[in-house]
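This report concerns only the one structure given below.
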2 protein chains.
Amino acid sequence: MNENVSQPSGEPILTIGENAYRRIRADIVFGRLVPGQKLKLERLRDTYGASISTLREILNRLSSESLVVAEGQRGFEVAPVSVENLREIAALRLLLEAHALEQSFAAGDMEWEGRVVAAHHKLATLERRMRGGDHSDTELWKRYDWEFHQALISACGSTVLMETHAGIFDKYLRYQMIALSFRGDIAAEEHKIMHDCALARDAKRAREVLIRHVEGGVEHALATGTIR
Amino acid sequence: MNENVSQPSGEPILTIGENAYRRIRADIVFGRLVPGQKLKLERLRDTYGASISTLREILNRLSSESLVVAEGQRGFEVAPVSVENLREIAALRLLLEAHALEQSFAAGDMEWEGRVVAAHHKLATLERRMRGGDHSDTELWKRYDWEFHQALISACGSTVLMETHAGIFDKYLRYQMIALSFRGDIAAEEHKIMHDCALARDAKRAREVLIRHVEGGVEHALATGTIR
DNA sequence: TTACGAAAAATATCAGATATTATTGATTAC
DNA sequence: GTAATCAATAATATCTGATATTTTTCGTAA
């Protein structure tokens, strides 16, 4: 997830709007707000404790991100999902991430390796625990997953690329959450390989694994039948 | 530019907010609102005739698109520009557009060819006129330029890819407008080649020309010295 | 010149009002 | 029974104006 990294010198003060924005966004990405669901302003006000003006600002932001749709004068609703859309998003994620991976592998320094190893450690540890049947931390898992993939491409040298990737990644993530598709064993294995590839600077192999990783995720999500 | 295609059966009624949104967005993309410029709400209200509430919704949308930055409680300003950022945007445009081009060339049918030929015709005609020294239609030229590139990738089969490309394209466009860099002769030649490649389904060559096209645009823009 | 603090400006947020547009439900026509 | 019609209701887009905070400005003192 895209969380602001808190500065070492005190956490950043969140404005009411920023706070509600994150909550709503997370509720959409994690499927607590259902695709297609109408977002009535008064109800949102009660739920998120922000005024209607502020909420409209938030919903406008989210509609720019394609997580919410605003149709004419008919208010807002959670962006719908479709098989088609999932496939497009997965393909775009692959295009962006594979390219970023290559750049990152070529340019990564020791700091970068440190980030990769650290992110993988957190992820692998959690994955091991989850393999034991403890699925209570699915959200945390997804976050570590994000942090790992983010770390892998973090030396690609392009902020624009990373931000664009982050936006697409979250939309991909939403599909995974909606399908509630945990395939920890396979994913963990693939994460391990990518981690090793990173240290060995084997971009070619990492790319292949990434393709399997994402396409496997798509098929697994579709297999649950949750997405029409 | 991203304009709503007006339906055959009557033009879509534009809400005040939508209208102001487009005007402000165009003013940013076409450089009339200068990078880094503070966007004071009261002044915007007078200029664009929308209330402050509505304007805040618009600015929030634009900040999601990275055309405006909203820093804490310090209001909004037009997104700054930098050489770094231009290079990143150009590179991302190339990644997206080259990939979309390939897909499009492979899947394009007769309808697609028609769109390409039509868009190229409009663009080439205007470029011929502009070569005569008439630079009064720079905005129109940029729009036809957009429509042509859009047509080329319009058979790529991915809405998500096209929308993402459109967002990046407009940011690239902003740099071109800021640098006021018209290099009609070279660009027109490259447009012609891409047009021919499309009909011949020569994706490989089109890609090479596209790379020249975009990278040439970047260097040309940088050469004006307008962007620090 | 730099540092400090009060005054002014601008912002984030809210509540409530109005006009317009959607949606709902009942009624009528076929 | 289904389709079309239209008034009543609900929800939205937009605006005005108010309040508490936060930034910025600017003059004064160190």
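As a basis for the values below, the full set of heavy atoms in this structure was taken, side chains included, without hydrogen atoms, waters or symmetry mates. Only a predicted model underlies this, so the values are computations on that prediction, with no experimental measurement involved.
We find that CD of Glu77(A) is positioned 14 Å from C1' of dT12(D), with the value rounded to whole Å. At whole-Å resolution of the value, CZ in Phe76(A) and P in dT12(D) are 9 Å apart. Between the C1' atom of dT11(C) and the CG atom of Leu39(B) lies a distance of 14 Å, rounded to the nearest Å. Counting to the nearest Å, the P atom of dA10(C) and the CG atom of Leu41(B) are 10 Å from each other. One atom, CD of Gln73(B), and another, P of dT11(C), lie 12 Å apart when rounded to the nearest Å.
Out of dA11(D), dA22(C), dA10(C), the shortest distance to the side chain of Lys40(A) is found at dA11(D). In this structure, the nucleotide among dT11(C), dT23(C), dT12(D) sitting nearest to the side chain of Arg74(A) is dT23(C).
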Could you go through nucleotides 13-18 of chain C and list every protein N or O atom that sits under 3.5 Å from one of its N or O atoms, giving the distance for each pair?
{"residue": "dT13(C)", "atom": "OP1", "partner": "Thr15(A)", "partner atom": "OG1", "Å": "2.2"}
{"residue": "dT13(C)", "atom": "OP1", "partner": "Ile16(A)", "partner atom": "N", "Å": "2.9"}
{"residue": "dT13(C)", "atom": "OP1", "partner": "Gly17(A)", "partner atom": "N", "Å": "2.7"}
{"residue": "dC14(C)", "atom": "OP2", "partner": "Ser51(A)", "partner atom": "N", "Å": "2.6"}
{"residue": "dC14(C)", "atom": "OP2", "partner": "Ser51(A)", "partner atom": "OG", "Å": "2.8"}
{"residue": "dC14(C)", "atom": "OP2", "partner": "Thr54(A)", "partner atom": "OG1", "Å": "2.8"}

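Judged as a salt bridge (Lys or Arg N to Asp or Glu O under 4.0 Å), and not counting sequence neighbours, Arg115(B) has no contacts. Take His165(B) and apply the ring pair (Phe, Tyr, Trp, His ring centres under 6.0 Å) test, not counting sequence neighbours, and it matches Phe169(B). Gln37(A) pairs by the side chain to side chain donor-acceptor pair (under 3.5 Å) definition with nothing, not counting sequence neighbours. Residues meeting the salt bridge (Lys or Arg N to Asp or Glu O under 4.0 Å) test with Arg32(B), sequence neighbours left out: Asp27(B), Glu139(B). Every residue meeting the side chain to side chain contact (heavy atoms under 4.5 Å, CB included) condition with Ala100(A), not counting sequence neighbours, appears here in chain and number order: Ile153(A), Cys156(A), Leu161(A).
The environment of Lys40(A) atom NZ is sparse: at most 12 non-hydrogen atoms of other residues, nucleotides or ligands sit within 6.0 angstrom. By the neighbour-count criterion of 12 heavy atoms within 6.0 Å, atom CD of Glu42(B) is sparsely surrounded, having that number or fewer from other residues, nucleotides or ligands.
Taken together, the paired segments of DNA chain C that extend over three or more consecutive Watson-Crick or G-U pairs, each closer than 3.5 Å at both contacts, are C:1-30 with D:1-30.
Applying the side chain to side chain donor-acceptor pair (under 3.5 Å) test to residues at least two apart or on different chains, the pairs with a partner in residues 80-90 of chain B are Ser158(A)-Glu88(B), Asn85(B)-Tyr175(B), Arg87(B)-Glu219(B).
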Do any side-chain atoms of residues 116-125 of chain B form donor-acceptor pairs under 3.5 angstrom with protein atoms, and if so which ones, sequence neighbours left out?
{"residue": "Lys122(B)", "atom": "NZ", "partner": "Glu147(B)", "partner atom": "OE1", "Å": "2.8"}
{"residue": "Thr125(B)", "atom": "OG1", "partner": "His121(B)", "partner atom": "O", "Å": "2.7"}

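Between dT12(D) and Lys38(A), a contact under 4.0 Å exists linking OP1 or OP2 to a side-chain N or O.
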